[in-house]
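Have a look at the structure below, then the notes.
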Amino acid sequence: MTRIGVMGGSFDPIHNGHLVAASEVAARLGLSKVIFVPAGDQWQKSTKTEAEDRYLMTVLATAENPNFEVSRIDIDREGETYTVDTLRLLQEQLPDSELVFITGADAMANITSWKNASELWGLAHFVAVTRPGHQLDLPPAPEGAIEVLEIPALAISSTDCRDRVSAGLPLWYLAPDSVVRFIQKHRLYEAHR
Ligand code: ATP
Ligand code: MG
């Protein structure tokens, strides 16, 4: 059975921390590909970047990697983004694959705030990757449902990226060049505070 990675996030913007996490989990767990799923608007975040811009940055960042794909399922869907819905839809689309949901340590700790948390464990295998500055607090889960993986530490967050742009600091080498140029072209984050 092929194993397919799923990485959800706001990707506001996508940065090298996301890409290293996906690449590392794909290599270590033998995933055939990783699908990046930008979240729809509204969910637990108050930033105003258009979903379409977050989607385009995710496409730019992943375009050159033959094992990376981007799905629009969460941005084309009405209402809030819940991981349980995302995984249900992906499982319908990919019935012959095992889904491997990739999160950073911080996102895994929030898992109990997710809708229908108990249903999650039957929909995918979960991998929590280490993340600098975030403690790994695993939620209660069945034996073997969550795997912890240590990955190269990149102390980058989208919040820092947005703050850097609004403070006039460079983003080069923290995110792919194509993403940095897209942010400049569309003047994203210049006055986000
Ligand atoms: P924000 O600061 O806006 O919350 P973020 O950098 O946390 O942005 P998200 O889009 O919220 O990015 O994260 C998507 C997923 O990527 C989450 O599971 C998060 O834990 C993980 N992630 C983000 N940055 C890193 C990193 N540097 N190392 C490992 N995992 C990361
Ligand atoms: Mg985050």
Side-chain angles (χ1 to χ4, degrees), residues 5-29 31 34-62 68 70-75 80-84 86-87 90 99-114 117 120 124-139 141 146-167 169 171 173-176 179-180 183 188-189 192-193:
V6 179
M7 182 140 189
S10 304
F11 303 126
D12 186 16
I14 190 165
H15 54 69
N16 290 345
H18 298 125
L19 297 163
V20 164
S23 161
E24 189 72 8
V25 176
R28 303 262 292 273
L29 272 72
L31 306 181
V34 177
I35 305 174
F36 291 74
V37 188
D41 286 324
Q42 304 153 351
W43 192 78
Q44 292 189 353
K45 293 255 170 124
S46 53
T47 53
K48 293 177 299 262
T49 315
E50 305 249 349
E52 218 56 48
D53 283 341
R54 294 185 290 101
Y55 169 74
L56 286 173
M57 289 190 281
T58 308
V59 169
L60 286 172
T62 56
F68 286 175
V70 186
S71 169
R72 294 183 59 93
I73 54 175
D74 281 351
I75 50 180
E80 316 231 326
T81 293
Y82 290 101
T83 299
V84 68
T86 308
L87 289 174
L90 282 174
L99 301 180
V100 175
F101 194 78
I102 304 164
T103 72
D106 56 312
M108 195 43 101
N110 288 336
I111 204 167
T112 41
S113 73
W114 293 357
L120 288 169
H125 178 61
F126 285 75
V127 178
V129 301
T130 50
R131 181 172 185 186
H134 295 273
Q135 222 193 307
L136 189 57
D137 293 318
L138 293 183
I146 306 175
E147 176 176 356
V148 176
L149 205 67
E150 187 154 343
I151 63 163
L154 292 187
I156 308 172
S157 73
S158 300
T159 302
D160 291 343
C161 293
R162 296 191 298 270
D163 288 348
R164 291 180 68 85
V165 173
S166 77
L169 291 168
L171 262 200
Y173 318 116
L174 298 172
V179 172
V180 179
I183 290 167
L188 301 181
Y189 313 125
H192 82 94
R193 288 192 237 225

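Atoms within a ligand are numbered from 1 in the order they appear, just like the ligands themselves.
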Q: For R131 and T103, indicate whether the former's side chain and the latter's backbone hold a donor-acceptor pair under 3.5 Å.
A: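 Judged by distance alone, no pair lies under 3.5 Å.
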
Q: Let me see the working for V25 and V34 under side chain to side chain contact (heavy atoms under 4.5 Å, CB included), right down to the final yes or no.
A: CA-CA 9 Å; V25 176; V34 177; over 6 Å; no

Can you sort out which atoms of ligand 1 are near [X], meaning under 4.0 Å from one of its heavy atoms?
| X | result |
| --- | --- |
| T103 | 18 (O) |
| F11 | 10 (O) |
| T130 | 29 (C) |
| R162 | 3 (O) |

Q.
Suppose we screen for side chain to side chain donor-acceptor pair (under 3.5 Å). Which residues come up paired with R72, at least two apart in sequence or across chains?
A. E52, D76

Q) Under the side chain to side chain donor-acceptor pair (under 3.5 Å) test, which residues partner D160, sequence neighbours left out? A)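 Checked D160 against side chain to side chain donor-acceptor pair (under 3.5 Å); matches are S157.
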
When you measure from the heavy atoms of [X] to every atom of ligand 1, does any distance fall below 4.0 Å?
| X | value |
| --- | --- |
| H15 | yes |
| V20 | no |
| I156 | yes |
| M7 | yes |
| G8 | yes |

Q: Report yes if some N/O of A105 lies less than 3.5 Å from some N/O of ligand 1; otherwise report no.
A: no

Please state which option from [options] has its nearest heavy atom closest to [atom].
| atom | options | value |
| --- | --- | --- |
| atom 8 (O) of ligand 1 | G9, S10, P132, S158 | S158 |
| atom 18 (O) of ligand 1 | G17, G104, C161 | G104 |
| atom 20 (O) of ligand 1 | D106, L154, T159 | D106 |

Q) For Y55, which of V37, D74, I75 qualifies under side-chain contact (heavy atoms from CB on, under 4.5 Å)? A) I75

Q. For residues Y173 and N16, is any side-chain donor paired with an opposing acceptor at under 3.5 Å?
A. no

Q.
Set out, in order, the CA-CA distance, both residues' side-chain angles and the distance that settles side chain to side chain contact (heavy atoms under 4.5 Å, CB included) for L19 and T62, then state yes or no.
A. CA-CA 8 Å; L19 297 163; T62 56; 4.1 Å; yes

Q) Hey, is CD on E147 packed in by over 12 heavy atoms from elsewhere, all under 6.0 Å? A)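 Yes, enclosed.
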
Q.
Parallel, tilted or perpendicular: which one describes the rings of F101 and F126, with boundaries at 30° and 60°?
A. tilted

